[in-house]
Every structure is written in C-alpha cells, then in structure tokens.
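Single-structure report; data block below.
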Amino acid sequence: MAEPTQMLILSIPASKPIEDPTSPAGTTWQEILELIRKSEGYKRLYWGRHVEKPDHVQLHIVRSLLSHHHTFLTSSSPHLTTLLHPLVTNTKPTIHHALISEYSKPCKGLGNGAPVTGTAIYLSTTTSWSLAWTAWVAFVQSVPGFLGIAGGPVLEAIKGEERAFVALVGWESVAMHEAYHHTRHFREQGRRVLLDEAEGGYAHYGHIAFAHQEVRGGNGDEGGGAKL
C-alpha cells in the first residue's frame with residue numbers, strides 16, 4: 001500500500017551534530033522531531049544526511065493521509081521555522097510529497113537498515129513509465145549490493161516538470177551501487193530503462209544515509225530515541 005510521505009530537504013551543516021541528542025543542535029532537533037511525532041496522522045519518520053552533500057539532511061515523514069501533511073504545514077510551519085532557525089543555513093526547506101510503495105521484500109532502503117539509499121526523482125514520465133518501472137524493479141534486484149526498492153509518484157511539479165516519480169533503492173554501499181554503473185548491462189540496458197521514459201530527465205540524484213528511524217508506538221517513539 002502506498003504511504004503518503006512528506007519529504008523535507010534541510011540545509012543543516014555537518015558542524016551542527018544533530019545526531020548527538022546531548023548536543024545543543026541535537027536537543028533542538030529532538031524538539032523538531034517531537035513536534036512531528038505529535039502531528040495528526042503521524043505513523044513514522046526516518047532521516048539521515050546526504051552522502052555526497054553532508055550539509056543536507058533528508059527527513060521523510062509518513063502520515064495516514066495526504067491531508068495530514070498539509071495540515072501540519074499549515075498549523076505548525078511558524079513553530080517549525082523558529083526551531084530550525086539556529087540549525088539551518090536556509091530557513092526554507094525543500095518540501096515534496098509522494099505516495100511511496102515498497103516493491104521488494106524486505107525493503108531496507110526506507111530507514112530499515114540499508115547503509116545508503118540511492119535516490120532520484122524522474123521528471124515528465126511518459127504513459128509507458130509503469131512498464132519501464134516494472135522492468136527496472138525486476139532486474140535491479142539481481143545487482144550485487146541491492147537491499148530493497150521503493151518508489152512512487154511525486155505530487156508536486158519538480159523544477160516545473162509534472163508527472164514526477166521518486167525512486168529509492170537501498171544499497172550495501174555507495175561503491176557497490178556505483179560499480180553497477182560501470183557494467184556492460186548498465187551501459188547497454190540499465191541506464192536507458194527509466195531515462196527513456198522520463199522526458200524531463202531527473203533531479204535530486206544521490207545517496208542518503210537513512211541511519212535513524214522511529215515508528216509510532218515503537219520503543220523510543222515518545223522518548224525521542226532513534227532506532228538504528
């Protein structure tokens with residue numbers, strides 16, 4: 001089942017150790033997560049730093065309904081902005097929403113254990129996108145280092161392009177993912193499967209180390225502890 005997911009990209013320098021809950025930055029970050037935990041429809045969250053751009057943090061929030069995401073932005077945005085102010089270099093985060101489904105079992109790429117998750121948003125997808133995505137899901141699972149695949153339609157235009165689709169693939173390491181890019185299969189087939197059906201190309205490519213995740217009702221949920 002697709003999960004309505006709010007995806008936030010935040011400019012938080014690596015010099016702000018939000019990973020350490022005992023630090024001033026970490027204490028503020030826990031206040032932000034607590035605001036999210038208390039929001040209507042909250043189910044779980046997972047977050048981590050961008051491997052290639054460590055001053056960027058990606059935070060995904062799963063809620064029961066898409067309307068719950070919009071309610072949060074409307075009702076809590078001023079408080080969130082205030083809390084973010086001492087942490088971020090840009091107080092306006094990038095926010096997208098997507099209906100994300102898991103396409104493999106287990107799927108470790110959504111904060112469920114994969115050391116890194118490769119991600120990209122494909123733009124202006126064609127009417128043949130579903131066939132291309134099905135083909136990609138089928139063969140990527142045989143690539144060494146694969147740890148799960150998820151994805152779904154993005155509900156806002158990205159860089160002016162409609163019909164966007166976010167792909168999230170868990171990997172044992174960035175090196176194992178990049179090794180596939182140097183194979184004959186990728187050069188002759190893999191690279192084109194999705195790009196041929198994305199007339200606008202892609203955006204937000206990279207790897208996220210989703211090292212922290214929490215589930216509503218799970219151990220540490222109300223206390224702010226992160227499950228690693």
Side-chain angles (χ1 to χ4, degrees), residues 1-12 16 18-19 21 25-50 56-85 87-88 90-102 107-114 116-117 119-121 148 150-156 158 164-170 204 206-228:
M1 179 181 294
E3 293 187 311
T5 303
Q6 195 167 64
M7 305 183 294
L8 288 78
I9 301 175
L10 306 163
S11 299
I12 302 178
K16 302 282 188 178
I18 61 173
E19 296 82 359
T27 299
T28 299
W29 182 246
Q30 286 303 315
E31 290 183 57
I32 292 169
L33 297 186
E34 185 63 16
L35 182 67
I36 292 167
R37 295 181 195 112
K38 292 179 177 178
S39 62
E40 183 180 9
Y42 167 74
K43 295 176 68 176
R44 78 182 191 102
L45 62 83
Y46 50 100
W47 62 275
R49 289 194 181 272
H50 196 292
H56 287 183
V57 171
Q58 195 146 324
L59 168 62
H60 287 191
I61 307 156
V62 179
R63 296 187 176 93
S64 299
L65 301 172
L66 180 63
S67 61
H68 292 153
H69 292 309
H70 296 304
T71 297
F72 174 75
L73 293 178
T74 301
S75 63
S76 301
S77 184
H79 191 188
L80 179 63
T81 299
T82 300
L83 289 171
L84 282 172
H85 184 73
L87 297 180
V88 299
N90 182 351
T91 55
K92 187 176 182 180
T94 298
I95 302 174
H96 301 305
H97 297 87
L99 301 177
I100 296 178
S101 300
E102 296 182 357
C107 183
K108 297 184 178 181
L110 304 180
N112 290 316
V116 295
T117 297
T119 183
I121 298 180
V154 179
L155 304 181
E156 300 90 2
I158 306 293
F165 190 100
V166 62
L168 300 119
V169 182
H204 298 303
H207 298 86
I208 313 299
F210 284 124
H212 311 268
Q213 71 104 358
E214 302 178 14
V215 179
R216 181 176 180 83
N219 292 334
D221 173 48
E222 296 301 327
K227 295 181 180 179
L228 305 182

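Only this structure's heavy atoms are used, side chains among them; waters, hydrogens and symmetry mates stay out. For the single chain, residues carry numbers from 1 onward in sequence order.
For the residue pair N112 and C107, the shortest heavy atom distance occurs at ND2-O, 3.5 Å. Nearest approach of V166 to V154, heavy atoms of both residues: N-CG2, 3.7 Å. Heavy-atom minimum distance, W29 versus I12: CZ3-CD1, 3.8 Å. Closest approach of S64 to P4, counting heavy atoms only: O-CG, 3.8 Å. Across all non-hydrogen atoms, the minimal contact from L8 to I95 is CG-CG1, 4.1 Å. Heavy atoms only, all atoms of each residue included: L33 and E214 are closest at CD1-OE2, 4.0 Å.
Expressed to the nearest 0.5 Å, how far CD1 of I9 lies from CD1 of I208 amounts to 7.5 Å. To the nearest 0.5 Å, atom OG1 of residue T5 and atom CG of residue L66 are 10.0 Å apart. Taking OG1 of T117 as the reference point, atom NZ of K108 lies at 12.0 Å (rounded to 0.5 Å). The distance from atom CZ of F210 to atom CG of L110, rounded to the nearest 0.5 Å, is 7.5 Å. Annotation: the span from L45 atom CG to L59 atom CG amounts to 6.0 Å, rounded to 0.5 Å. For the atom pair H79 NE2 and L84 CG, the distance stands at 10.0 Å (nearest 0.5 Å).
Partners of H204 by ring pair (Phe, Tyr, Trp, His ring centres under 6.0 Å), not counting sequence neighbours, listed by chain and number: H96. Here T119 pairs with nothing under the side-chain hydrogen bond (donor to acceptor under 3.5 Å, both in side chains) rule; sequence neighbours left out. Not counting sequence neighbours, the partners of H70 by the ring pair (Phe, Tyr, Trp, His ring centres under 6.0 Å) test are H97. Partners of R49 by salt bridge (Lys or Arg N to Asp or Glu O under 4.0 Å), not counting sequence neighbours, listed by chain and number: E19. With sequence neighbours left out, H207 forms a side-chain hydrogen bond (donor to acceptor under 3.5 Å, both in side chains) with E52, H177. Here T82 pairs with nothing under the side chain to side chain contact (heavy atoms under 4.5 Å, CB included) rule; sequence neighbours left out. Residues satisfying the side chain to side chain contact (heavy atoms under 4.5 Å, CB included) criterion with P21, sequence neighbours excluded, are Q30. Considering only residues two or more places apart in sequence or on other chains, A209 meets the side chain to side chain contact (heavy atoms under 4.5 Å, CB included) condition with V51. In this structure S67 satisfies the side chain to side chain contact (heavy atoms under 4.5 Å, CB included) test together with L65, sequence neighbours excluded.
In summary, of the residues considered (H68, E40, Q6), a side chain to side chain donor-acceptor pair (under 3.5 Å) with R63 occurs for Q6 alone.
Q58 and H60 share a side-chain donor-acceptor pair at under 3.5 Å.
Side-chain contact between V57 and L87: absent, with no pair of heavy atoms (C-beta onward) separated by less than 4.5 Å.
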Residues H56, S11; criterion side chain to side chain contact (heavy atoms under 4.5 Å, CB included); working and verdict: CA-CA 5 Å; H56 287 183; S11 299; 4.0 Å; yes
